Amino acid sequence: MSVEVAVIPAAGRGTRMRPATRSVPKPLIPVLEKPAIQYVVEEAVGAGAQEVVFVLSDERILHHFTQGPPIEGLEDVGFRYVLQEEALGLGHAVLCAKDIVGDRPFACLLSDRFPLPGSTLLAEMADAYDGHMVLALEEVERDLIPLYGVVDAAPVGDRWEVSGAVEKPTPEDAPSNLALVGRYVFPPSIFDQIAGAAAGALGEIQVTDAIDALARSDGAVGISCTEDLLDTGLPHGLAEATVAVALARPDIAPEFRRFLRRQLAD
Ligand code: UTP
């Protein structure tokens, strides 16, 4: 099924990318000459999205896309946004988009998960959507499990049948080593699940509790992604993204390869 609307939460504080984020929203930090979030938008559009809904703390990210001449390849995209006044967590950010999304299924892409050039992950996820939630899953090392939402899943062919999820478990209590990594295709019923989970939340409103509830009631499909997504919310992930994009760019790659070889030889 094609998914025509994409929600991109981008209202986080970006504390791990200070000092850059003292003055620049994290998603506008560039990878070469393009802000990181533009690659994410292009990924969404490549997977079929015609409308992009940003969840923002202010309008600077929106202005990148809407002010001045249209960006090549994004001329026909409808850009919309909603302000998240306070960074109350990812679940809250997604819920902020409810009125714009309405009763449509939607792709959700975290702005700080960067697609490797040529990744077809989101397009595969949109194709797999048949009314049940689709989740990108990455195998993570045991000691990193407490940093993630982790799913309970059984293999079915080259995919996973997901029956639940738990936020930041200990390695001992984790149902698997498969982590939620920032690409989702949600049915609109996720909004009610988030609102329900939010009612009981004391701190940040996470999306994992809502995913858990929806997976338990309706089931969900997991699609493995290995190295499809880099973490540009961290300095080393930004370095990886820069290298990956430079090596994929015919105008830059030849000289850049020579430079890398010289650096690695030292
Ligand atoms: P992170 O958990 O990486 O948080 O958010 P962060 O604030 O961006 O960065 P740190 O931890 O302070 O360094 C994951 C994604 O969810 C969005 C962020 O913008 C990022 O794309 N998010 C998070 C929101 O939009 N609102 C929130 O309340 C929390």
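The shown structure was predicted, so the numbers you read here are calculated from the model rather than taken from an experiment. Order of appearance sets the numbers: ligands from 1, and atoms from 1 within every ligand.
In the displayed structure, Glu141 atom CD is contacted under 6.0 Å by at most 12 heavy atoms of other residues, nucleotides or ligands.
Both Val7 and Val82 belong to a common hydrophobic cluster when Ile, Leu, Val, Met, Phe, Trp and Tyr are linked at side-chain heavy-atom distances under 4.5 angstrom. In terms of hydrophobic clustering, with Ile, Leu, Val, Met, Phe, Trp and Tyr side chains grouped at heavy-atom distances under 4.5 Å, Leu230 and Leu147 are assigned to a common cluster.
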Could you give the N/O to N/O pairs under 3.5 Å linking ligand 1 and the protein, each with its distance?
{"unit_1": "ligand 1", "atom_1": "3 (O)", "unit_2": "Arg16", "atom_2": "NH2", "d": "3.0"}
{"unit_1": "ligand 1", "atom_1": "3 (O)", "unit_2": "Asp112", "atom_2": "OD2", "d": "3.0"}
{"unit_1": "ligand 1", "atom_1": "7 (O)", "unit_2": "Arg13", "atom_2": "N", "d": "2.6"}
{"unit_1": "ligand 1", "atom_1": "7 (O)", "unit_2": "Gly14", "atom_2": "N", "d": "3.1"}
{"unit_1": "ligand 1", "atom_1": "8 (O)", "unit_2": "Lys26", "atom_2": "NZ", "d": "2.8"}
{"unit_1": "ligand 1", "atom_1": "9 (O)", "unit_2": "Gly14", "atom_2": "N", "d": "3.4"}
{"unit_1": "ligand 1", "atom_1": "9 (O)", "unit_2": "Lys26", "atom_2": "NZ", "d": "3.2"}
{"unit_1": "ligand 1", "atom_1": "11 (O)", "unit_2": "Arg16", "atom_2": "NE", "d": "3.1"}
{"unit_1": "ligand 1", "atom_1": "11 (O)", "unit_2": "Arg16", "atom_2": "NH2", "d": "3.2"}
{"unit_1": "ligand 1", "atom_1": "12 (O)", "unit_2": "Gly14", "atom_2": "N", "d": "3.3"}
{"unit_1": "ligand 1", "atom_1": "12 (O)", "unit_2": "Thr15", "atom_2": "N", "d": "2.7"}
{"unit_1": "ligand 1", "atom_1": "12 (O)", "unit_2": "Thr15", "atom_2": "OG1", "d": "2.6"}
{"unit_1": "ligand 1", "atom_1": "13 (O)", "unit_2": "Thr15", "atom_2": "N", "d": "3.1"}
{"unit_1": "ligand 1", "atom_1": "13 (O)", "unit_2": "Thr15", "atom_2": "OG1", "d": "3.4"}
{"unit_1": "ligand 1", "atom_1": "13 (O)", "unit_2": "Arg16", "atom_2": "N", "d": "2.8"}
{"unit_1": "ligand 1", "atom_1": "13 (O)", "unit_2": "Arg16", "atom_2": "NE", "d": "2.9"}
{"unit_1": "ligand 1", "atom_1": "19 (O)", "unit_2": "Ala11", "atom_2": "N", "d": "3.3"}
{"unit_1": "ligand 1", "atom_1": "19 (O)", "unit_2": "Gly12", "atom_2": "N", "d": "2.9"}
{"unit_1": "ligand 1", "atom_1": "21 (O)", "unit_2": "Pro9", "atom_2": "O", "d": "3.1"}
{"unit_1": "ligand 1", "atom_1": "21 (O)", "unit_2": "Ser111", "atom_2": "N", "d": "3.4"}
{"unit_1": "ligand 1", "atom_1": "21 (O)", "unit_2": "Ser111", "atom_2": "OG", "d": "2.8"}
{"unit_1": "ligand 1", "atom_1": "25 (O)", "unit_2": "Ala10", "atom_2": "N", "d": "3.4"}
{"unit_1": "ligand 1", "atom_1": "25 (O)", "unit_2": "Ala11", "atom_2": "N", "d": "2.8"}
{"unit_1": "ligand 1", "atom_1": "26 (N)", "unit_2": "Gln84", "atom_2": "OE1", "d": "2.7"}
{"unit_1": "ligand 1", "atom_1": "28 (O)", "unit_2": "Gln84", "atom_2": "OE1", "d": "3.3"}
{"unit_1": "ligand 1", "atom_1": "28 (O)", "unit_2": "Gln84", "atom_2": "NE2", "d": "3.2"}
{"unit_1": "ligand 1", "atom_1": "28 (O)", "unit_2": "Leu88", "atom_2": "N", "d": "3.2"}
{"unit_1": "ligand 1", "atom_1": "28 (O)", "unit_2": "Gly89", "atom_2": "N", "d": "2.8"}
{"unit_1": "ligand 1", "atom_1": "28 (O)", "unit_2": "Gly89", "atom_2": "O", "d": "3.2"}

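The only member of Ile223, Val150, Leu180 that meets side chain to side chain contact (heavy atoms under 4.5 Å, CB included) when paired with Leu137 is Leu180.
Partners of Val31 under the side-chain contact (heavy atoms from CB on, under 4.5 Å) rule, at least two apart in sequence or in another chain, are Ala36, Tyr39, Phe114, Leu238, Ala241, Thr242, Val245.
You'll find the ring centres of Phe106 and Phe191 inside the 6.0 Å limit.
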